[in-house]
Each structure stands twice: as C-alpha cells, then as structure tokens.
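See structure below.
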Amino acid sequence: MTRAGRYTRSEEAFARARRVLAGGVNSPVRAFKAVGGTPVFFARGKGSRLVDVDDHQYVDYVGSWGPLILGHAPARVIERLMVAAAGGTSFGAPTTAETELAELIAQALPAVESLRFVNSGTEAVMSALRLARAFTGRPLIFKFAGCYHGHCDALLVAGGSGMATLGAPSSPGVTEGAARDTIVLPYNNLDAVAAALQRDGARAAAVIVEPVAGNMGVVPPAPGFLQGLRDICSRHGALLIFDEVMTGFRVAYGGAQTLYGVTPDLTTLGKIIGGGLPVGAYGGRREIMALVSPEGAVYQAGTLSGNPVAMAAGIETLRLLHGLGVYEQLERASSSLAACLEEAARQAGVAAVVNRVGSMLTLFFLAAGRPARVENWEDASRADTAAYARFFRAMLDRGVYLPPGQYEALFVSAAHDEEDLALTAAAAREAMRAARGSSPGGHVPL
Ligand SMILES: *Cc1c(COP(=O)(O)O)cnc(C)c1O
C-alpha cells in the first residue's frame, strides 16, 4: 500500500508557508530539495511514530535530527518540562537547574570540567572557536571536509580537493576575511593533518572535528585517527575541539570521547542535552573556560541561555539515558536496522553500504564501479544521490520517514521496537526496487 499523490494538506501547508517564510522553512534541509517533492508537514509525534497533517503515520528515523533519543514526547520529560514552564519560563537570572544539568554533563564527559550553556550547536561552536583563539593567541582553525559545525561564518568554508586547502567562502555573504583563517583537511587522513600543522602549527589555534562524522552521512573515525589528532595538536600547542553536538550522549552516554578514549581540550554539545528543546553548550579544561566572561575577558552572552524549561527537559533526558541498558538496547535495534537495509539492497542487486556507530547510521548508495566503502567526503560525494532520492520517496509512501538527503544520519531511538523494525524491513524490500530505478528490469513506478 502506498500513498503516492496523497499529501494534499502538506502541499497546501507548504504553499502557505512559502508566502511568509523564507523558502517555506526555517532550516534548508526541511524543504526536500535533495529528494524532490513537497516537504511533509507533521501534526504530532509519540514514541517512534509521527503523524502528518494528512493523517499518515510514519516510523521516524530523523528524530528531529538527533535530539530525540528517547523518541517523541517521552512522558517523564514532558511532565518535568511542564512543571518547569508553570513555574516561569525564563528569568534571565541563575537557577539551580543550570547547575544540575552542568553537573550531569561534567560527570558524563571526562573532558568537560566547566561549561557554558547557549541556545544552539552553532552558537556553541562559534563561541568555542573564539575561546580557542583567545587562549592560544593564534588565528588559524583547521576543519575537515564533510564535517558540519553549524553556520558560523568561519566554518562556512569549502576546501578544494587535495591535501590541505585554504578556505574559500562556501556561502555568499561570508567574507574572504572570515574564511581566510580556516584550513580544510581530508577526514581520516592523519598525514595531511601532520603536514598542514608542520607548516602552519605556530599559527594554529585549534583543530575542530566531528569525532564520528554525521553530516556527510555517517563516517566513523579510522582506527587511530582521533588519537593521532590529539598527538598532533599537543605537539603544536593547538587545541583539539570535539564537536559532539551530534555524538554527545548518542554514540555513548559519555560521547565519542568516552567511546574512543581520546580527550579533547574543548567539547561542543547540543541536540540531546536539550531533550528536544533548543540548547547548546561548550566546555572543557577549567583553565581554558576561565577565560570566558565574566571570569575572563572573552565575551559571550545569551538572554535565554540556560532557560529553565530547556534545562528541565535536558536533565530528565540525561537521567533516563543514564538508566541501565538504554545503550545496549539502542545497539541491538540499530544493528538489526543496518542488517535489514543491507539485506534489502543485496536482494535487489543494489550496490549500497551502511556506515554505523551505535544508533546513528547512513545507507550510502554507491555509484557504479565505486569501492564499497565511505571513509571521507571524497568517497561520500560520489554516492548515487538519485538512487537515494528514489528510495526515500518509496519509503515515505510506505510509512517510513528517513532523512530527506543522502548526506544525513538516520537516528534510532529507545522507542523503536520490533514492530517498527519489521515494518521498516518490509518497506525497504519494496523500496529497493524503486531505488534501482531504470536499470534493466528494475523499474517500479511510484
Ligand atoms: C547539528 C550540528 C551542529 C549545529 O547545531 P544547531 O543546533 O543546528 O545550530 C553543529 N555541529 C554538529 C556536529 C551538528 O551535528
């Protein structure tokens, strides 16, 4: 049973939105540009399921792009945030909830001794870069192609292909000046990092990395890559920043730094720590954080930072995650999802590979003749995005909501159960034939 052509209310909602919202959305990927068609407008979510404005139900693997590790509207989180809201939504003055969430985070992440809350991942990264530059007294930031760290100017920078390239603005409106102090390196290539720092190490403020890349699709760090970055940064006196906005409390309760046993100087967080509300944070070694205003001179502030409702949602989410067995259950469900996607591809004769770390994973459709691995942006950029788009539409029509783009992660939540997985497996077997598209004998009209 498919629903092709019956997204009438979503189509109307999108037409209306486009008249007053830029592009009809408040974040570009929501507009379905990468997969075609009209974005689905949602009415509500509960657990693993979403219901759209046309009353279709979906098994959701987007999870609001990562925050919803407990699924939609978990009862205890909602209860706690409603109590907080009834007591006043914002004071612009300290509350103990901020300290409580900070304590939970500092206990979980070995590298975070002291931290500051902000309102988004972008803000966390932007503030961490300023701090790294202030602490080292140096200008240069090294980032990796395919890693996304939010939309601050200094990181909206593209590199060319090759070993290490000076950044050029990747968006109009970013000045040459803002991009000039960013150098772009290939992910999982320690030789390139060593060579770049050998040359420019004396001007290096920081190397920033997604310790498990999730924004070029999921790409795990190669064995030794993160430790290698740690060693190179220490050798040159540059700070190592782990952007754990996605991986924090996702790949393990203690984030990627715990999973891989590598200690960054600074860590940026977001997504899960806000329990579905807007929160970001940056933190790290006490001596570095001491430079942040008002203790130090590095200015950074926020009217709604540490908002009590958001803190309440974060606290309850981390408490529930800390419970026994959550990550084991996520691992079981996620490995079973990965296996069923790979099996569906294999049976349909579609060249695809799943990259996975814990409950974040990506099914890459491989272009003909490409090796069956994706280890950096070079590899990822060759994926068959048209096949992904066909697969996405076919899954959508069968009640499975996947990320609307090849270069995104699927997220499994603690609310996904056997029934969700069985439904997904059945849909994937059919959708793979659509993904195969016009290859001989493979065409299935949607
Ligand atoms: C989502 C994300 C960001 C940006 O967070 P926003 O809250 O969207 O600003 C930064 N870094 C990483 C690794 C992310 O996944």
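Atoms within a ligand are numbered from 1 in the order they appear, just like the ligands themselves. Residue numbers run from 1 in the order of the sequence given.
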Discussion item. Salt bridge (charged side-chain N to carboxylate O under 4.0 Å, His left out), that's the test. Do Glu331 and Arg356 meet it? Break it down for me.
Written reply: CA-CA 10 Å; Glu331 176 65 26; Arg356 180 178 76 86; 2.9 Å; yes
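- Contact of the Gln406 side chain with the Thr362 side chain is registered, since non-hydrogen atoms from C-beta on lie closer than 4.5 Å.
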Worksheet entry | Derivation of the side chain to side chain contact (heavy atoms under 4.5 Å, CB included) call for Phe411 and Ile272 | CA-CA 12 Å; Phe411 296 102; Ile272 289 174; over 6 Å; no
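- Heavy-atom contacts of Glu210 reach the following atoms of ligand 1: 13 (C) (cutoff under 4.0 Å).
- The ring pair (Phe, Tyr, Trp, His ring centres under 6.0 Å) search around Phe14 returns none, not counting sequence neighbours.
- Atom 3 (C) of ligand 1 has Val245 CG1, 3.7 Å as its closest protein atom, hydrogens excluded (heavy atom only).
- Protein heavy atom in closest approach to atom 14 (C) of ligand 1: Lys271 NZ, 3.0 Å.
- Remark: aromatic rings of Tyr148 and Tyr407 are distant, center separation not under 6.0 Å.
- Ranking protein heavy atoms by distance to atom 6 (P) of ligand 1, first place goes to Gly121 N, 3.4 Å.
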Worksheet item: Going through the checks in order, is the side chain to side chain contact (heavy atoms under 4.5 Å, CB included) test met by His416 and Leu337?
Response: CA-CA 10 Å; His416 286 88; Leu337 174 65; over 6 Å; no
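- For ligand 1, the atoms lying closer than 4.0 Å to a non-hydrogen atom of Ser120 are 7 (O), 9 (O).
- The shortest contact between atom 8 (O) of ligand 1 and any protein heavy atom is with Thr122 OG1, 4.5 Å.
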Practice prompt. Could you walk me through whether Arg319 and Glu100 pass the salt bridge (charged side-chain N to carboxylate O under 4.0 Å, His left out) test, one step at a time?
Written response: CA-CA 11 Å; Arg319 286 232 182 96; Glu100 198 179 339; 2.5 Å; yes
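- Contact annotation for Thr247 and ligand 1: no heavy atom of the residue comes within less than 4.0 Å of the ligand.
- Of all protein heavy atoms, the one closest to atom 11 (N) of ligand 1 is Asp243 OD2, 2.7 Å.
- Of all atoms in ligand 1, numbered sequentially from 1 with element shown, those under 4.0 Å from a heavy atom of His149 are 10 (C), 11 (N).
- Numbered from 1 in the order shown, with element, the atoms of ligand 1 that lie under 4.0 Å from a heavy atom of Met246 read 15 (O).
- Ligand-side atoms of ligand 1 in range of Tyr148: 11 (N), 12 (C), 13 (C), range being under 4.0 angstrom from any heavy atom.
- Proximity of the aromatic rings of Tyr187 and Phe225 is defined here by a centroid distance below 6.0 angstrom, and this criterion is met.
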